[in-house]
Each structure stands twice: as structure tokens, then as C-alpha cells.
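All values derive from a computational prediction rather than experimental measurement. Hydrogens, waters and symmetry mates play no part in the numbers below; they use all other heavy atoms, side chains included.
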There are 2 protein chains.
Amino acid sequence: MSSARKSPTMADVARLAGVSPMTVSRAFKTDSSVSDATRDAILKAADDLGYVFDSTASSLRSQKTDFIAVTIPSINNANFAETVRGLSEGLKPRGLQILLGYTDYDMAEEERLIEQFLRRRPEAIVVTGGRHTPRARRMLVNAGIPVIETWDLPADPIGHVVGFSNADAVRGMVDHFVSRGLTRIAFIGGDTSRDTRGADRRVGFVAAMRAHGLDATRLIAVGAPPISMREGAEAMGRLVETLPDTQAVICVSDLSAFGALSECQRRGLEVPGRLWIAGFGDYEIAGIAVPALTTINPFPREIGTRTARLILDVMDDRQATPARIVISPELLIRQSTG
Amino acid sequence: MSSARKSPTMADVARLAGVSPMTVSRAFKTDSSVSDATRDAILKAADDLGYVFDSTASSLRSQKTDFIAVTIPSINNANFAETVRGLSEGLKPRGLQILLGYTDYDMAEEERLIEQFLRRRPEAIVVTGGRHTPRARRMLVNAGIPVIETWDLPADPIGHVVGFSNADAVRGMVDHFVSRGLTRIAFIGGDTSRDTRGADRRVGFVAAMRAHGLDATRLIAVGAPPISMREGAEAMGRLVETLPDTQAVICVSDLSAFGALSECQRRGLEVPGRLWIAGFGDYEIAGIAVPALTTINPFPREIGTRTARLILDVMDDRQATPARIVISPELLIRQSTG
DNA sequence: CCAGCCGCGGTTAACGATAACAAATCGGGA
DNA sequence: TCCCGATTTGTTATCGTTAACCGCGGCTGG
């Protein structure tokens, strides 16, 4: 497949180009001072040898890895993917590379990932959510690099925050339903608190219902978060069987909401005629489903771009104190609710 | 946020524990020979100091980074995400970490990513698809590490292959439709060849139609790949207006197929009564949609797990020659087609 | 009773780049 | 012509870990 002899180093390139290794090093940096003739000769020599720059050695000596560590709950989620895209886009121009890991909504796994990542000496670390194991939190506090918690507004943040209130967002949706005259409203979500954002949404639902003096016990919990379309369908089945007079359902995500909608279609229950359904996240399916699903857009991409900008600001000393950037989710009323 | 003094090294831990740095190094490896008492003392000292292992230095000296580089076309795609999950799961037990990048279906971006990744000296590199820029291909050939092309069966592979024939898979679907008596079949896909797998699927469609002596010109191309639900809907609108006698539609993915289905619902066209619709990929939505969508499962997770196993086999010298692992996609007939 | 081996730990140098400092070269104005 | 500052290039030492090798003591088996 290729020659097995070990790959050439800057010293080899330097020898061939007739310069010192330091000059080769300079030729590979865009800013430094090397004459055009020398640089051309060096790049030619490097090309002839098939030289590939060694970032590991560079990182060790310069104490700069150009890594930004990022942990998300799931790699298979369009919203978190959008945040990563926003991050990536904002960091790429500076040559920063994302070290991405997913936790499967498991704090122990998050702890493992954070430890593994910190060993790579990233320039900053971005985590999803504000709840961590005590050891994970300690590691982040002591990491000596910028820490950004996202997708949440932790009461006691570690460092920077770029997020929104999941509870408030759902509260806004409940308020809207109540203002339209509904009272028997249910919530569909997962059955554990693994997904802390999902749990916060339920908390927001319960608080809002109570604030209106309404029954906040129509809670359907099904499966381990993140709950899927299938589980949304299952939950809807259970709901119409146990609480058939329910007027509206708020689902923890658009995916479960679509599952719920599909179950209604299978059972011949008209949406929104017989029942309203709303989701969370403004996934593409929410806009395409028939009827289109009412949902909440938390601007996941903006979370990423704002986080990226924040990281650059901190690295360039434009931001010294911990930032708290609050995103305002948008309630999108569509055909599935009235 | 934390003390700014520079972080402790193995030398500091060694001093505190009263041993040599080499012994500290050994204490951090699971296999090496250190007495339990010494190891405990070292780990205690490390903990007291807040020592964090430096993988960068370790990588440089040992010439082992424990990185596996992986490029996928899109991070926002459940199928590629599944492949990454399979990979990750298979590599984690060995302490291998994935360096993930996405190309946005752009070969120039893939080249940029590959170059950036190779500088990090990964133990192996996994790429999606078999088409690359000449320079990217050259870099991979000369990288001196295992190269695995996935999700495709390149005619002239660089190294190892774990994939399937996109063309053959679609051919199987066309054969099924024809066997059920349909003749006027259309294909919905993107309008460029950026998505080489999508292009291969269209090739398979055309070849199969011609093999049956049928009209293979009902091709709707809409938008830049990967085409979304919205674009699937748009394509379907165009199809029913220009070729209203079409009996069945094969879409390049389940997402566009669902978009097409939703457009039929909006227009009051019965599926499958008036028109059959099929997709590709067996995304969750295909099974949940009403009617459920006929599709093809290419076993994306298995592509990941098989690739991971292959990498371990090569690293352990159990596999010397380039492997060609062929996955057999499964045709899933559902309600959307008869 | 001693050769040989094993378990455990130390010493030295090196991985490949670059920070920090020093020196050589060049061009232009006094 | 000469000197000064800017530009270009070289020298030395180092980032933090570990490969390779060596030494010491204790135990085992012939």
C-alpha cells in the first residue's frame, strides 16, 4: 500500500532544501517571515519527499493543540448536529478543530469523555447541559481552559453559558394553549431524568399548568430518553386509552410528536380536530408533516455560532469574565394546534 | 476560574510520590509492572496535584496517537450517525478515539479534512465513498496507515472497503415494482453528482429500467444533495404536474420520500392507491409514516461495526491484505407500495 | 548453594517541532 | 560611503512522555 520506511521530518525537508529546520518550520506558518524564494524551495522539497506536517510534535512544543473539545448527548440528533455545524463553521477559519464526543445522555459517559478529552489539551471545552457528575464538574473547573455549557441555563454555571430556558419555552406554549381555551393538556416525555433538558421541559409544563390552576398530572412517560417516534406513537396510544378526554398534547420533541401524530392517523383521530399536538425543536419534519406541527425553535445553530464566537473572544482576550448568552426560543404555531 | 500556574507533569507527581518519572508513566498504563503499593501512592499523589495525563507528549514519544480519523458527508444524517456509532462502539474498548469530520458532500472539503487529519497522525482513516480528488487519493495512498472506504464499492479501492452497491440495491427495488406489473416508474434525486451514492442509485434505477425495456427518463432532479424533505415535496409536486400518469416513485432517500408522501397528502393523492412511493435508508420515519414507506436498509450500523473490527484486525496483524467486506442491503416492502 | 529468572524500579536519550535568542544580509538615507 | 533598522535565517534548548536498557534483590530448582 505504501513504503514502510518512516515518514520524513522537517529535518529531511531542510536538508533537501538546503536550509535549517527552523526555516522549514517558518515556511509552514502563514504569518512568519520567510522569503518567497526560500518558501517555494521548501514547499517543493516537502512535496517531493511527501512530507506531512506533524501536529503532535508542534502541539507539544508550542503548547497549542488547536483542538476544541465538544460533547453532545447524541450524535444522531438534528438539533445537536446543527449546534456542531455552527461551532465548526465559526472555528474553522481559525484552524481550530473539533474533538467531538457523544454521551448517550449518560453523565458517567460524559465524565469519561471529559477526562479523555482533557488529556488531549484542548483550547476550550464545550459541554451540553448544566448537570454533570461531581468529578466531571471538578475536572472542568480545574481544567484551566474556557468551559462553555450550552443548551441550558445552569443555576450555578462552571464558566460560560450559551443556552435558553427549556422550562420557560414550554411554559410559553402552555400559556398559548390556555389562552385558546384549552384546559385538559397532557405531556409526553421519557421515563427518567437522563435527558435533563427533557426533564426541564416537563418541569416547565407542570409549573405552567399549576400557575393556571389546571390539572398537571396528565404526564405520559415512555421509554428511556431520547424518546423516538415509535415511543411517541406508543405514548399517544396509551394516552387516548387512559385519558380519552385530553384536548392537547405537548411532546418533549418533534420526533415523539410526529410519532404521536402518526398514531392518531392510524386510529382515525383528527388532528387538530379531535386533539392538538405540539412538539419541540423545530425539526424539519415538524414543518413537513400533514398537518404541520406546532413547535418551538431553540435556534440550535445559533447556539453553535455564538459559542464559537465566544471561544474566539476569550482566546483573543476580548472576553475576560464568564459570559451568559441567552437565546430566546420562538414559538411556532402551525396547523396541528387549531 | 482556576489557578493560572501551569499544570503539573509526571515529574511533579514523581517527586511527590518519591519515585522516578518512569515509574509514574508505568503506573498510568494498565499492563506494566508496578507494585500495587507504588501505584496507589502514585495515583494518590497525582490526584492530590490534580495531575492530568498529557496525551500529546505520550503520542509524540510513543508514536501512537490512538486516533482514528473518520470523514462522513454530513453530520446531520441518521444513517451516517449510525455508522459512526458502530465505529465508536467497536473502537472504544481499545481506547481508540474518533476524530470526526464532515465534508458537506464536497470533495474539496474532504481533501482539506484528510490533510488536516493526517497531520494528527491517526492510526487509521475511514472515509465515506470511493470518489476523491486526485490529491486526496494520493495523500491516502501515501499515508502509511490503513485506509477504509465505506458505503460504496469502489472499482479501484485505495485499501480496504466496507460497503454495498447502491446501484444494485435500487435495481432490486425496480425489479420488485416491475414484477408487480408497474411500468411508469420515476426517480427523485438531487441535481448534481455531489452525492455520489445518490448518483449511483439513479444509475441503478436507469440501468434496471432499461434492462426491462422500460422508459427510464422519468427523472426529477431538485436541489443540491442531500435533498431534504422539503425538496422531496417540491419534486413530487413537479412530478404530478408534468408526468401525471406516473405509477410509482423511487426517492433517493427516505427523507425525500417522506416529503413526497406529504405532498401527496396535501394534494389528496392516495398512496399507494393512486401512486406508490419508496425511499432509501430505512430511517425511522419510514416505519412510522402513514402509510409506512417501502425502503432499503443498508445496515449503516453494521458498516461501522465491521469497519471497527477490520481496523482492530489490521492493527493486530490478523489482516494483512486489503479486505473487501460487502454488506447486503435489505428491501423492505411496506404499505406505501401496494 | 548458586545460576538464572522474575518482578520492580531507575537512567538516558529521543520523539519532531518551535520559542527564544542571535546573527547575517540587505536597502536606503545621511 | 557608511551606518542603522528591517528582514531573513540560524543555533540552542526544550515541550512531557516513554522506549530501550540496566540494576537490584529475592526466589526457585537442580
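- Contact between the side-chain N/O atoms of Thr38(A) and the OP1/OP2 oxygens of dT9(D) is found at a separation under 4.0 Å.
- In summary, Asp48(A) and Lys44(A) engage in a salt bridge, as defined by a charged side-chain N under 4.0 Å from a carboxylate O.
- If you take CG of Asp12(B) and C1' of dG16(D), they are 11 Å apart, rounded to a whole angstrom.
- Rounded to whole angstrom, the span from the CZ atom of Arg15(A) across to the P atom of dG10(D) amounts to 14 Å.
- In this structure, the CG atom of Asp54(A) is 13 Å from the C1' atom of dC15(D), given to the nearest Å.
- Here the two rings, on Phe67(A) and Phe67(B), have centers that are under 6.0 Å apart.
- Checked for salt-bridge contact, Glu115(B) and Arg112(B) miss the test: no charged N lies under 4.0 Å from a carboxylate O.
- Put simply, CG on Leu60(A) is 11 Å from P on dT18(C), counting in whole angstrom units.
- Distance, Leu49(B) CG to dG16(D) P: 14 Å, rounded to whole Å.
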Inset, instruction - Check step by step if side chain to side chain contact (heavy atoms under 4.5 Å, CB included) holds for Tyr102(B) and Thr71(B). - result: CA-CA 5 Å; Tyr102(B) 60 90; Thr71(B) 73; over 6 Å; no

Filtered N/O pairs between nucleotides 18-21 of chain D and protein, under 3.5 Å:
{"unit_1": "dT18(D)", "atom_1": "OP1", "unit_2": "Ser58(B)", "atom_2": "OG", "d": "3.1"}
{"unit_1": "dT18(D)", "atom_1": "OP2", "unit_2": "Ser25(B)", "atom_2": "OG", "d": "2.3"}
{"unit_1": "dT18(D)", "atom_1": "O5'", "unit_2": "Ser25(B)", "atom_2": "OG", "d": "3.4"}
{"unit_1": "dT18(D)", "atom_1": "O2", "unit_2": "Arg61(B)", "atom_2": "NE", "d": "3.4"}
{"unit_1": "dA19(D)", "atom_1": "O4'", "unit_2": "Arg61(B)", "atom_2": "NH2", "d": "2.7"}

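- Looking at Asp104(B) and Arg85(A), a side-chain N of the basic residue comes within less than 4.0 Å of a carboxylate O on the acidic one, giving a salt bridge.
- Side-chain N/O atoms of Gln63(B) include one lying less than 4.0 angstrom from OP1 or OP2 on dG16(C).
- A salt bridge links Glu109(B) to Lys92(A): one of the charged nitrogens lies within less than 4.0 Å of a carboxylate oxygen.
- Heavy-atom distances to DNA chain D give each of Val19(A) and Ser55(B) a nearest nucleotide, and the one nearer the 5′ end belongs to Val19(A).
- In summary, Arg137(B) and Asp156(B) engage in a salt bridge, as defined by a charged side-chain N under 4.0 Å from a carboxylate O.
- For Lys64(A) and dA19(C), the NZ to P distance is 8 Å, given to the nearest whole Å.
- Taking atom CG on Asp40(A) and atom P on dT9(D), their separation rounds to 11 Å, with Å as the unit.
- Side-chain nitrogen and oxygen atoms of Ser20(A) include at least one within less than 4.0 Å of the OP1 or OP2 phosphate oxygen of dG10(D).
- Using a 4.5 Å cut-off on side-chain heavy atoms (C-beta onward), Val162(B) and Arg309(B) make no contact.
- In this structure, Thr23(A) reaches the dG10(D) phosphate: one of its side-chain N or O atoms is under 4.0 Å from OP1 or OP2.
- Contact annotation: Thr56(B) does not reach the phosphate of dG16(D) (side-chain N/O to OP1 or OP2, under 4.0 Å).
- Defining each end axis of the helix from dC1(C)-dG30(D) to dA30(C)-dT1(D) as the rotation carrying four pairs' C1' atoms onto the next four, with five pairs an end, the two axes are found to diverge by 40° to 10 degrees.
- Within a 6.0 Å radius of CG in Asp316(A), other residues, nucleotides and ligands contribute more than 12 heavy atoms.
- In this model, the phosphate group of dT17(D) is approached by a side-chain N or O of Tyr51(B) to a distance below 4.0 Å at OP1 or OP2.
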